[in-house]
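Here is the structure we will look at, set down as C-alpha cells.
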Amino acid sequence: MDDRQTVRDAKLDELVRGIPFFEGLPLESVKASLSHVVTREHPAHRVVLLENDWGSSVYFILSGWVKIRTYNIDGKEVTLNIVGKGEVFGEMAPLDEVPRSTDVLTLTPTVVANMPANDFVHFLNTEPQGGIRLAKLMARRLRQVNRRLRLRESDSTSRIADILLFLAEGQGTQKGTSIEIPNLPHRELSSLSGMARETVTRVLGKLEKKGLIHRTHESFQIVNVDALEDLLV
C-alpha cells in the first residue's frame, strides 16, 4: 500500500467516525459509498444550497451550523430547521428526483462533506439498514414539526421552551446535568419560532431569571430539562 492510499484510508476512517448516519452500518459498504466524498469549508452566512437547484449531492455536516429556510407568500423568510454537526441535509431531492424545495445557509463557519447523490441512492438501495436509518431521521424531523405546529397557538413562553428543547434534541451536548446548545442570534430563534425578536429576548430573560437556562456568549445551557418541558401547554 502506497502513502497516498494510506492517507486516503485515514481520511475515510475520519469521515466514517464524523458522520453518525453511518454509525454501526457495515464498514466496507460505508467506505465504498464515501469513496467519492469531498469536504468543503464554508464561511458564515454563505448559501450552500438554493431552492429549485437540482439535487446532485447529499451533505453531511462535520462542524458548524446551518439553517434550512424558505419564504412565505409575502416574501418573508421562514426558518424551517437549524442543524449542526453530524446532521444530513439535501437528501430529499435525489430520492424523488425533483429540484430542491429550500435554501440552506451557514450560520457559522461550517465544514460539509459532499456525497454524490448517485452514491447515496446506491447505498440506500444496497444497504437496507441505511434506508431504515434515513426513515428514522425523517420520522424524527416530522415529529418535531408536528409538535411545533401544535404549539403555534400556545403562549410565547411555551413556544420558546419548545424551540430550545427542539434544538437540544437534535444538537444538544450533555454537560454534567445540563444540556448545552449554541447561543444562536435572537433573530434566528425569532424566525424559527415565528415570533417577534423582542418577544424572544423577553422570554429568554424570564427563563434565565427562573434558573431554567443559563446563557454565555457561546452557548445556552438548559439547566432543568424537565421544568422546561412542563412549560409546554
If you take all heavy atoms of [X] and [Y], which pair is closest and at what distance?
X: Leu164; Y: Ile222; answer: O-CD1, 3.7 Å
X: Val37; Y: Ala113; answer: CG1-CB, 3.7 Å
X: Ser156; Y: Arg202; answer: OG-NH2, 3.9 Å

Greater than 12 external heavy atoms within 6.0 Å of [X]'s [atom1]:
X: Glu23; atom1: CD; value: no
X: Arg46; atom1: CZ; value: no
X: Asp53; atom1: CG; value: yes
X: Arg197; atom1: CZ; value: no
X: Met195; atom1: CE; value: yes

* Does Phe89 have its ring centroid less than 6.0 Å away from the ring centroid of Phe60? ->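 Phe89 vs Phe60: aromatic centres not under 6.0 Å.
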Taking the side chain as every heavy atom from C-beta outward, state whether [X] and [Y] have any pair of such atoms under 4.5 Å apart.
X: Ser193; Y: Val200; value: yes
X: Leu207; Y: Ile160; value: yes
X: Lys175; Y: Thr173; value: yes
X: Ile213; Y: Leu204; value: yes
X: Leu49; Y: Ile68; value: no
X: Thr106; Y: Val48; value: yes
X: Val30; Y: Phe123; value: yes
X: Phe22; Y: Leu27; value: no

* To do: Decide whether Leu184 and Phe166 are clustered together by the hydrophobic rule: side chain heavy atoms of Ile, Leu, Val, Met, Phe, Trp, Tyr closer than 4.5 Å, transitively.
  =>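 Yes; Phe166 is reachable from Leu184 via cluster members.
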* Are Trp65 and Val104 connected in the hydrophobic side-chain network, where two residues link if heavy atoms are under 4.5 Å apart? ->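 Each belongs to a different hydrophobic cluster.
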* Which other residues belong to the hydrophobic cluster containing Val223, where Ile, Leu, Val, Met, Phe, Trp and Tyr are joined when side-chain heavy atoms lie under 4.5 Å apart, directly or via other members? ->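 Members alongside Val223: none; it stands by itself.
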* Fellow cluster residues of Leu50, listed by chain then number, with links counted only when side-chain atoms sit under 4.5 Å apart ->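 In the cluster with Leu50 are Val47, Leu105.
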* Salt-bridge present (Arg140, Glu87; N to O < 4.0 Å) ->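 Yes, Arg140 and Glu87 are salt-bridged.
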* May I ask you to say whether Glu91 pairs ionically with Arg141, meaning some side-chain N is under 4.0 Å from a carboxylate O? =>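 Result for this pair is yes, salt bridge flagged.
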Per-pair distances, 0.1 Å, donor-acceptor, side chain in residues 75-83, under 3.5 Å, sequence neighbours excluded:
from  : atom 1 : to     : atom 2 : distance (Å)
Glu77 : OE1    : Arg69  : NH1    : 3.3
Glu77 : OE2    : Lys67  : NZ     : 2.5
Thr79 : OG1    : Ser191 : OG     : 2.7

Is there a donor-acceptor pair closer than 3.5 Å between any side-chain N or O of [X] and the backbone N or O of [Y]?
X: Thr108; Y: Gly64; value: no
X: Ser190; Y: His186; value: no
X: Asn114; Y: Ser57; value: no
X: Ser35; Y: Ala32; value: yes

